[in-house]
Amino acid sequence: MKLSQDFVPDDDLNKQLRSAKSQLALYAKDLKALLSRERKKSYKLETTNKQLQAYAQDLKAAYAAQQQKTRELEKAYADTVVRLTLASRYKDEETGAHIQRLSHYSKILALVTGLDEQDAQLIFDAAPMHDVGKVGIPDRIMQKPGPLDEEEWEIVKRHPVLGANLLAGSPSLLLQTARDIALTHHERWDGSGYPQGLKGEAIPLGGRMVMLGDTYDALRSMRPYKPALPHKKTCNIILNGNERTRPGHFDPTLLEAFREQHLEFDRIFSEIREEEDGRS
Ligand SMILES: [Fe+2]
Ligand SMILES: [Fe+2]
């Protein structure tokens, strides 16, 4: 009798089953080892991840502390310079109210011409220091009641450079901006200003803004040698010129911003007045 082809005697079957079983046991062992390795790996990854998160938190805390220190340092710088600015006021006809108004005029110009709030605030904070160099001009000139002669006038014209030297070399962005403004707030767009005769965009934006605000405020203010002008007349001089002031002195973009916002200038001038002596 011929046995069918798939007939396997019991012994052989048992052998094959045993071998398959032990093969499976080996696979199971391998899988177990693999699983345990993977678990170890993922545990390691988890630990590393936790460590990284802890480092990140440390870094964040260190960065926040550093930023706080930088802010404190900036405040200390600003405080020193405010004191310098106060010192310069003792020598000058320009008052505290003038300085405050100048910050506001400059910020309006900064915002209207598209600077963001942070940069506009920087100019706001730096503008009061524009005349700090006047501390270096002799009293006999600063407090002379009558008009200055040519030689005296040349000495007064040194105040932008003196101010810039006082403010120079600081790591503070505030003082760097203040230094640029102090140096260039008498420059004119058409190149006819001082001390360097800079032209157009070679004049830092902050300097151009303070120059326009300073001109508006000086025209509105009474001086021993001139009366205070009303807002309308002042606008007319800035926008159309007179014998001393030309529209070409100003950055055309800022002049447009002034044309748009002139009522704000008037509001600031009326709201921020010198309480003690009416010199503004
Ligand atoms: Fe000045
Ligand atoms: Fe001024």
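Nothing here was measured: the structure is a model prediction, and the numbers come from that model. We count ligands from 1, going down the list as the structure has it; atoms in each ligand are counted the same way.
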query: Among the N, O or S atoms that D131 has, which is closest to the Fe ion (ligand 1)?
result: OD1
message: Let me check your reading of the structure: within less than 2.8 Å of the Fe ion (ligand 2), is there an N/O/S atom from H98?
response: yes
message: Can you confirm whether more than 12 heavy atoms, excluding those of E201, are under 6.0 Å from its CD atom?
response: no
task: Please note down the angle at the Fe ion (ligand 1) between NE2 of H185 and NE2 of H186, to the nearest 10°.
output: 90°
Salt bridge present between E152 and K157 (N-O < 4.0 angstrom): no
query: Does H130 bring an N, O or S atom to under 2.8 Å of the Fe ion (ligand 1)?
result: no
field: Minimum-distance N/O/S atom that D214 presents toward the Fe ion (ligand 2)
entry: OD1
Salt bridge present between E72 and K69 (N-O < 4.0 angstrom): no
message: Quick test of your reading of the model: are D266 and R220 salt-bridged, counting only N-O distances below 4.0 Å?
response: yes
Lys/Arg N to Asp/Glu carboxylate O, D12 vs K15, below 4.0 Å: no
message: At less than 2.8 Å, would any N/O/S atom of D217, backbone or side chain, sit next to the Fe ion (ligand 2)?
response: no
